[in-house]
Q: 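The structure is given below, and queries will be raised subsequently.
Computation of the quantities below employed the complete heavy-atom set of this structure, encompassing side-chain atoms and omitting hydrogens, waters and symmetry-equivalent molecules.
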Amino acid sequence: MGGWLKTVVLVGLILALVAGLAAAWAWQRYETFLDEPLRLGEDGMTLRVQPGEPVTAVIRHLERQGATTLDWRWRLLLRREPVTIQVGEYALVAGTDPRGLLGKLAAGDVIQYRFTLVEGWNYRQLVGALMADERLAVAPEQLTPEAVLDHLDLAAPHPEGWFLPETYAFTAFDDALTVLERAHAAMRLALEQAWSERVDGLPLSDPYELLILASIVEKESALAAERPDIAGVFVRRLQQNWRLETDPTVIYGMGERYDGNIRRRDLREDTPWNTYVHRGLPPTPIAMPGPGALQAAARPAEGAAMFFVADGQGGHVFSETLEAHNRAVRDLVRRQRGEGGGQGGGSEKPEDGAP
């Protein structure tokens with residue numbers, strides 16, 4: 001009996017030693033696994049995590065790419081350090097280890113793309129740019145003016161002007177409507193701020209009219225320093241019930257027919273946006289104004305100028321009288337002829353009397 005007991009104890013000790021050695025070996029393999037980079041190659045890898053996808057499915061995807069193996073070590077790590085992962089596209093770089101991968105997925109450190117809405121774009125140009133960006137896939141019918149007004153719950157005749165020119169970040173699972181939502185929210189804030197900071201006495205009844213005026217200012221000059229002066233001219237014309245007579249509104253009313261030139265018949269065409277025909281503001285914005293144009297419309301420069309014309313160098317000459325304005329126009333025409341032509345701008349045509 002004593003010999004049998006000794007044998008049992010000896011076997012038990014041997015088994016315990018073997019188990020201990022096996023555990024130590026397994027733990028060493030696990031520790032090595034934690035520090036061992038995934039097999040991503042020198043250029044790394046882009047990983048897409050779908051909505052509702054569990055972390056094991058993500059690792060299985062990496063396994064199919066040859067980057068790792070979903071074995072007991074991964075399961076032990078996930079049991080010891082559970083994580084909630086975020087959807088999106090991830091840029092995995094060479095040297096990423098298992099813990100680094102989980103940390104990246106849990107932090108939502110996804111690839112950020114950029115879409116820039118340019119100051120002065122109209123809605124048609126914006127839709128064209130959105131549709132051209134393959135990362136912002138959306139059905140064309142979702143971007144019609146009527147669909148966007150409904151999606152944004154926007155009480156306006158058209159979505160024109162209602163998106164703030166800025167660069168917006170988006171991720172793999174965002175679409176064009178997501179970008180429009182952000183740009184619209186940003187425009188609402190900028191418009192509210194400009195309206196709250198407006199000077200007294202503006203001939204504008206509400207923020208929407210400020211948005212319309214700012215869109216005209218945006219299209220009339222790319223020079224930030226000039227915008228308050230241009231806004232001042234238009235404000236004084238509104239106050240005196242003059243026609244605004246600004247070319248960008250005529251161009252907007254022409255739509256896709258505009259070929260780079262405005263003819264006399266275009267100035268006489270009775271579109272709702274033709275400010276050579278109609279007094280007051282057009283019915284909608286004609287472009288998407290930036291913060292500078294909004295502030296200029298809300299706080300126009302003081303003065304007596306009623307006219308402006310391009311100076312041929314990117315700026316404008318402002319005049320208080322019709323006579324002075326016509327001289328500035330003739331000077332511009334002479335310079336253009338002497339230089340073999342030049343570019344036009346708004347309010348450049350000689351006036352033939354009080355508007």
Q: May I ask whether V49 and F173 are part of the same hydrophobic cluster, defined by side-chain heavy atoms of I, L, V, M, F, W, Y residues being less than 4.5 angstrom apart, directly or through others?
A: no
Q: Side chains of D97 and L34: closer than 4.5 Å at any heavy-atom pair?
A: no
Q: Side-chain heavy atoms nearer than 4.5 Å, only ILVMFWY residues, links allowed to pass through others: does that put V93 and L105 together?
A: no
Q: Quick one: ring-ring contact (aromatic ring centres under 6.0 Å, His included) partners of W121, sequence neighbours excluded?
A: none
Q: Counting only N and O atoms by type, is there a donor-acceptor contact under 3.5 Å from the side chain of E220 to the main-chain atoms of V217?
A: no
Q: How far apart are the C-alpha atoms of Y276 and D247, what are their side-chain angles, what is the distance that settles it, and do they pass the side-chain hydrogen bond (donor to acceptor under 3.5 Å, both in side chains) test?
A: CA-CA 8 Å; Y276 283 86; D247 292 358; 2.6 Å; yes
Q: So does A287 get a backbone contact from the side chain of E218, meaning a donor-acceptor N/O pair under 3.5 Å?
A: no
Q: Quick one: are L164 and M288 in side-chain contact, heavy atoms under 4.5 Å?
A: no
Q: Step by step, work out the side chain to side chain contact (heavy atoms under 4.5 Å, CB included) result for M187 and L211.
A: CA-CA 10 Å; M187 176 57 84; L211 182 64; 4.0 Å; yes
Q: Check side-chain contact (heavy atoms from CB on, under 4.5 Å) between V277 and all other residues, then give those that pass, not counting sequence neighbours.
A: D270, N274
Q: Are Y30 and W74, when compared by the centres of their aromatic rings, separated by less than 6.0 Å?
A: no
Q: Would you check if N326 and E323 make a side-chain contact, meaning some heavy-atom pair closer than 4.5 Å?
A: no
Q: Spell out, as yes or no, whether a donor-acceptor pair under 3.5 Å connects the side chain of T171 to the backbone of Q112.
A: no
Q: Which pairs, with at least one residue in residues 197-217 and sequence neighbours excluded, count as a ring-ring contact (aromatic ring centres under 6.0 Å, His included)?
A: W162-Y208
Q: What side chain to side chain donor-acceptor pair (under 3.5 Å) pairs are there with at least one residue in residues 42-56, not counting sequence neighbours?
A: R48-E89
Q: Sequence neighbours left out, what pairs pass side chain to side chain donor-acceptor pair (under 3.5 Å) with at least one residue falling in residues 75-88?
A: E81-R99
Q: Going only through I, L, V, M, F, W and Y residues with side-chain contacts under 4.5 Å, is there a path from F307 to L223?
A: no
Q: Going by ring-ring contact (aromatic ring centres under 6.0 Å, His included), name the residues that satisfy it together with Y113, two or more places apart in sequence or in a different chain.
A: F170
Q: State, yes or no, whether a side-chain contact exists between R227 and Q295 at a heavy-atom distance under 4.5 Å.
A: no
Q: Please check: side-chain N/O of R114 versus main-chain N/O of A169, any donor-acceptor pairing under 3.5 Å?
A: no
Q: Give me the one residue out of L70, L92, T69 that meets side chain to side chain contact (heavy atoms under 4.5 Å, CB included) with L62.
A: L92
Q: Side chains of T167 and T116 only: does a donor on one sit below 3.5 Å from an acceptor on the other?
A: yes
Q: Applying side chain to side chain donor-acceptor pair (under 3.5 Å), can you list everything that pairs with R263, at least two apart in sequence or on another chain?
A: D259
Q: Under a 4.0 Å threshold between the charged nitrogen and the carboxylate oxygen, would E269 count as salt-bridged to R265?
A: no
Q: Could you work out, with side-chain contact (heavy atoms from CB on, under 4.5 Å) as the rule, every residue matching V55, not counting sequence neighbours?
A: I59, L78, I85, L102
Q: Check whether Q239 reaches the backbone of G201 with its side chain - one donor and one acceptor, N or O, closer than 3.5 Å.
A: yes
Q: Flag the pair P159 / L152 as yes when at least one side-chain heavy-atom distance between them is below 4.5 Å, and no otherwise.
A: no
Q: Tell me which pairs pass ring-ring contact (aromatic ring centres under 6.0 Å, His included) where either residue lies in residues 126-159, with sequence neighbours left out.
A: Y123-H158
Q: Quick check on the hydrophobic clustering: are Y168 and M131 connected, directly or via other members, by side-chain heavy-atom contacts under 4.5 Å?
A: yes
Q: Tell me the salt bridge (charged side-chain N to carboxylate O under 4.0 Å, His left out) pairs involving residues 144-166, sequence neighbours left out?
A: none
Q: What pairs meet the salt bridge (charged side-chain N to carboxylate O under 4.0 Å, His left out) rule with one or both residues in residues 133-144, with sequence neighbours excluded?
A: D133-R135
Q: With a 3.5 Å cut-off and no angle check, do the side chains of E36 and T32 form a donor-acceptor pair?
A: no
Q: Is there a donor-acceptor pair closer than 3.5 Å between any side-chain N or O of K219 and the backbone N or O of I286?
A: no
Q: How many angstroms lie between atom CG of L38 and atom CG of L101, to the nearest 0.5 angstrom?
A: 6.0 Å
Q: Do the side chains of R188 and L191 get nearer than 4.5 Å, heavy atoms only?
A: no
Q: Check ring-ring contact (aromatic ring centres under 6.0 Å, His included) between F318 and all other residues, then give those that pass, not counting sequence neighbours.
A: F308
Q: Report yes if the side chains of R124 and E256 come closer than 4.5 Å at any heavy-atom pair, otherwise no.
A: yes
Q: Spell out, yes or no, whether L154 and F163 are grouped together once hydrophobic residues are joined by side-chain heavy atoms under 4.5 Å, including indirect joins.
A: yes
